[in-house]
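Numbered from 1 within each chain, the chains take letters A, B, ... in sequence-line order. From a predicted model like this one, the values you see are computed outputs, not experimental measurements.
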There are 2 protein chains.
Amino acid sequence: MSARQSRQGAKLYSISELSELYDITSRTLRHYEDMGLLLPERRGQQRFYRERDRVRLQLILRGRRLGFGLREIQEMLDLYDADPTEITQLQEVIRRGDAKLQELQSQVEELQTIIAEIIALRTKMERRLQKIKTGRQE
Amino acid sequence: MSARQSRQGAKLYSISELSELYDITSRTLRHYEDMGLLLPERRGQQRFYRERDRVRLQLILRGRRLGFGLREIQEMLDLYDADPTEITQLQEVIRRGDAKLQELQSQVEELQTIIAEIIALRTKMERRLQKIKTGRQE
DNA sequence: TTCCTTGTTGACGTAAACGTAAATTTACGG
DNA sequence: CCGTAAATTTACGTTTACGTCAACAAGGAA
């Protein structure tokens with residue numbers, strides 16, 4: 001029916017292709033798989049990663065850069081994966097999403113606090129710099 | 001006179017006072033000291049933390065919540081501690097501050113990307129929820 | 001076929017950030 | 001002065017997130 005679903009020409013990545021693409025090692029990809037974060041196709045023994053896996057990997061790496069643990073990232077991916085049919089399940093997903101949103105928001109706030117402080121420091125240093133410079137030229 | 005004070009009423013915290021204040025263990029405080037992030041006073045063998053140490057601790061813990069490593073936090077604290085007299089040193093501090101600002105800004109952006117995605121997901125789930133609910137009532 | 005590249009499964013190693021237990025002081029209220 | 005709570009050092013343990021071999025299999029190019 002849907003021509004969009006598994007197209008014949010959908011690109012598959014080998015483990016080295018994908019690792020080079022994101023500048024990580026293949027060990028990392030296997031590790032994420034061990035942790036249940038990725039589930040690439042298998043053709044024989046070899047792994048082949050679909051677009052879906054690549055997108056998940058992007059999310060994982062972004063989470064890592066932000067300091068989240070793999071477990072935590074797993075939970076966030078679960079939100080995306082969830083396809084709940086029952087009302088209570090839907091509500092639960094929404095609830096967990098909202099909880100995560102709170103965390104993320106306060107993280108943004110803390111980051112902006114630090115940013116403001118560094119900017120203030122920068123201003124201070126700039127002023128001191130100007131003072132020294134003009135002092136020199138007298 | 002219950003609280004221990006030094007000159008001018010500056011409060012000194014014992015290790016347990018400070019750890020309870022921030023809900024961390026004394027081990028953590030000693031660890032931060034081993035890593036060179038804190039340098040409390042010593043009276044005999046015992047540690048006594050000044051306001052300055054408390055503020056630094058706050059910064060450290062905020063950094064940790066944001067996923068920074070202790071080394072990285074150390075570098076950021078160095079920015080605050082720096083009291084450069086030479087122009088080149090001043091410029092270096094400003095340069096490093098700006099570099100850190102770039103990092104922090106992009107971190108905010110990545111967080112906001114995630115936030116937007118979760119909100120979109122939430123909207124989708126909400127819609128689905130309404131569908132099911134109205135469907136039921138027919 | 002043979003060689004080379006790529007990939008696979010163990011399995012042990014490591015760095016960071018503490019946890020935790022042991023053995024000893026040190027400080028302080030009664 | 002004494003007992004107990006609080007601190008100290010020392011040192012091995014733990015968790016997370018991979019790094020780093022080793023040993024082996026499999027597919028492709030020459």
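- Distance B:Gln46 CD to D:dT9 P: 10 Å, rounded to the nearest Å.
- Between the side chain of A:Arg64 and the backbone N or O of A:Ile73 there is no donor-acceptor pair closer than 3.5 Å.
- With hydrogens and angles ignored, the 3.5 Å screen pairs a side-chain donor or acceptor of A:Arg56 with a backbone N or O of A:Leu37.
- Note on A:Tyr32: a side-chain N or O is less than 4.0 Å away from OP1 or OP2 of D:dC18.
- Judged by closest nucleotide on DNA chain C, B:Gly69 is the one of B:Gly69 and B:Arg27 placed further toward the 5' end.
- Residue B:Leu12 contributes atom CG, which lies 16 Å from atom C1' of D:dA7 at whole-angstrom precision.
- Checking each of B:Ile118, B:Ile119, B:Thr113 against B:Ile115 for a side chain to side chain contact (heavy atoms under 4.5 Å, CB included) leaves exactly one that passes, namely B:Ile119.
- Within the structure, every side-chain polar atom (N or O) of A:Ser14 is placed at least 4.0 Å from both OP1 and OP2 of C:dT6.
- Using a 4.0 Å cut-off, some side-chain N or O of A:Thr28 falls inside it from OP1 or OP2 of D:dG19.
- Taking atom CD on B:Glu75 and atom P on C:dA16, their separation rounds to 13 Å, with Å as the unit.
- The interatomic distance linking A:His31 (NE2) with C:dG10 (C1') rounds to 15 Å, in whole Å.
- Side chain of A:Arg50 to backbone of A:Arg54: no donor-acceptor contact under 3.5 angstrom is found.
- Nucleotide C:dT6 holds its P atom 19 Å from the CD atom of A:Gln45, rounded to whole Å.
- Within the nucleic acid shown, A:Arg42 comes within 4.0 Å of sugar-phosphate atoms alone, with no base atom in reach, counting heavy atoms only.
- The distance from atom CG of A:Leu29 to atom P of C:dG7 is 11 Å, rounded to the nearest whole Å.
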(request) Report the C-alpha distance between B:Arg71 and B:Glu75 in whole Å, list the side-chain angles of each, state the deciding distance to 0.1 Å, and finish with yes or no for salt bridge (charged side-chain N to carboxylate O under 4.0 Å, His left out). (result) CA-CA 6 Å; B:Arg71 287 284 170 74; B:Glu75 288 171 21; over 6 Å; no

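- Set against C:dT9, D:dT8, D:dA17, the side chain of B:Arg47 has D:dT8 as its closest nucleotide.
- Where A:Arg30 and B:Arg64 each meet DNA chain C at their nearest nucleotide, the meeting point lying more 5' is that of A:Arg30.
- A sub-4.0 Å separation between OP1 or OP2 of D:dG19 and a side-chain N or O of A:Thr25 is present.
- Distance A:Ile15 CD1 to D:dG27 C1': 16 Å, rounded to the nearest Å.
- Between the CZ atom of A:Phe68 and the C1' atom of D:dA17 there is a distance of 17 Å, given to the nearest Å.
- Across all strands, B:Ser26 comes closer than 4.0 Å to no nucleic acid atom at all (heavy-atom distances).
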